[in-house]
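Below, each value reflects all heavy atoms present in this structure, side chains not excepted, and no hydrogens, waters or symmetry copies. For clarity, every value in this text was computed on a predicted model and none was experimentally measured.
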Amino acid sequence: MVMGGADLSRERPRRRYSRRAMSTSVHVADLAAHVGEEVTLHGWLQGRRSSGKLHFLQLRDGTGVVQCVVFKGNVTPEVFAEADHLPQETSLAVRGVVKRDERSRLGHELDVRAVEVVARPTREYPLGHKDHGVAFLMEQRHLWLRSQRQVAILRVRATVVRAIREFFDGRGFTLVDAPILTPAACEGTSTLFEVPYFDLGKAFLTQSGQLYMEAAAMALGKVYCLGPTFRAERSKTRRHLTEFWMVEPEVAFLDLAGDMELMESFVSHVVQAALRAHEAELRDVLERDVEKLRQVRPPFPRITYDEAVEVIRRAGHPMTWGDDIGGDEETIVASAYDRPVMVHRYPAAMKAFYFKRDPADPRLALGCDVLAPEGYGEIIGGGQREDDLATLEAALAEHRLPREAFEWYLDLRRYGTVPHAGFGMGVERCVAWICGLHHVRETIPFPRMTERITP
RNA sequence: UCCCCAGUAGCUCAGCUGGCAGAGCAGGUGACUGUUAAUCACCGGGUCGCAUGUUCGAGUCAUGCCUGGGGAGCCA
């Protein structure tokens, strides 16, 4: 793709430093193929240093950063003088000869012949090259995205989403989009965002597409959805957002064991795809220990909830059967392994109404969570669904859920019910883990949190 | 909803037992032909989050409020 700046500048009246018509427009990432040639780069001035007869311009174009060397003898006096006073984030077209240079981190740099200013900043750029606090960076999120680190994260995120689609599309799954406006909660109404909905009263922003995927699985067999999800919980932790993306596959005629195999091959596919595409960025920009990611291959360890409780107790952490595995407990369990651990068969009382009970022990639900290593916690939750009509009706009543809202869902058990299972994975938690980030807010371009909705 | 912490220059922070508002970076001017967060010299830059109170005197102490950060619960 030719960048917009190139086309724009072509339409402009000729400026003082007009480009030579023969100079090729290229991207920083492709410079190695143009050594010795005269080319034009379009980008933004990330930084500048001067040393008498030399100015060093760091130019970022979205594909990389290259140092452009402006030598006094190679350009007009006007260009040389202006190059010393260009503010950070000036948008530029720079023409010059690509030269190999050992002193450059890229291995080559641009020997500048002409500099054309596309636009000068009208104010001083707020983000310097020194440290900034989190609050300030979040306020400047629209500009923070330009940093090398944020660019790397967004690229990994894009690859993760592509890998998710590749995985399911390549296995006969059909993409089915779940609605975002829904009439009721999956598990009660306390955690949902409300929106007014014409004469029908209130609607809610979806908390999960799962129930709809169950309906779609009865039509198409293997389905998945991938879209935004909303939780109105006042969660203030590094693992929570109020708006996040979730992928939710659902498969007819699948039991818990099959579901767990699907989770395992899915997670390793996504991690390996991200590693293959971004190993250098993960290691050099994000300082991720890529060897830990390389280990993320099947088989993942499988332990029951009962065994997890034992592991936690042996680690000296008091816990009674029936308690949820919280953040600290997750870390204890996950740190016992070098790859994600699958914890299955939780007490039914702490799980949602739609989980199928374990026929071997009715106290247990046929659910499974995948805990990422290195303290990243739960990235997947899922399991086998209750397929028996009477049992599901009883579960609805136990959870005090409004029966009418779930009549359509009960229909799925009235007309040709089958064993089925699925799961949901949080895209941001997965990306945070792969990138080795402290907080999920960096994994989404414009995070939505309880105390922040701008920019 | 609960617990903890912070708010001082554009940014990151220091400011002791209450006594003239500070530094680094960024910005401006200049020097330097290889800088990598360049260096060096000089210059400009303040509603100390807001309000009330205590005091001869408050950035500093007290109370309330606001804004943000970290964590818990809940979850992905």
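- Inspection of the A:Asp169 and A:Tyr224 side chains reveals an N or O donor paired with an N or O acceptor under 3.5 Å.
- Donor-acceptor pairing under 3.5 Å, judged by distance alone, is absent between the side chain of A:Glu451 and the base of B:U67.
- Donor-acceptor pairing under 3.5 Å is lacking for the side chains of A:Asp306 and A:Thr304.
- If you check every strand for non-hydrogen atoms under 4.0 Å, A:Phe56 touches a base.
- A salt bridge links A:Arg288 with A:Glu374: the closest approach of a Lys/Arg side-chain nitrogen to an acidic carboxylate oxygen falls below 4.0 angstrom.
- When distances run from any side-chain atom of A:Phe244 to the nucleotides B:G68, B:G70, B:A76, the shortest one goes to B:A76.
- The phosphate of B:G73 (OP1 or OP2) has no side-chain N or O of A:Arg234 nearer than 4.0 angstrom.
- Among the nucleotides B:G68, B:G34, B:A26, the one closest to any side-chain atom of A:Glu124 is B:A26.
- Side-chain nitrogen and oxygen atoms of A:His438 include at least one within less than 4.0 Å of the OP1 or OP2 phosphate oxygen of B:G71.
- Between A:His240 and B:A72, a side-chain N or O to OP1/OP2 separation shorter than 4.0 Å is absent.
- In this structure, A:Arg441 reaches the B:G70 phosphate: one of its side-chain N or O atoms is under 4.0 Å from OP1 or OP2.
- Map A:Glu139 and A:His132 each onto its nearest nucleotide of RNA chain B; the residue landing nearer the 5' end is A:His132.
- The nearest heavy atom of RNA chain B to A:Met449 and to A:Thr237 marks one nucleotide each, and the one closer to the 5' end goes with A:Met449.
- Within the 4.5 Å cutoff, the side chain of A:Trp144 has no heavy atoms near those of the A:His132 side chain.
- With hydrogens and angles left out, the side chain of A:Ser235 and the base of B:C75 share no donor-acceptor pair within 3.5 Å.
- Interface remark: the A:Gln88 side chain does not form any donor-acceptor pair with the B:G27 base, using a distance-only criterion of under 3.5 Å.
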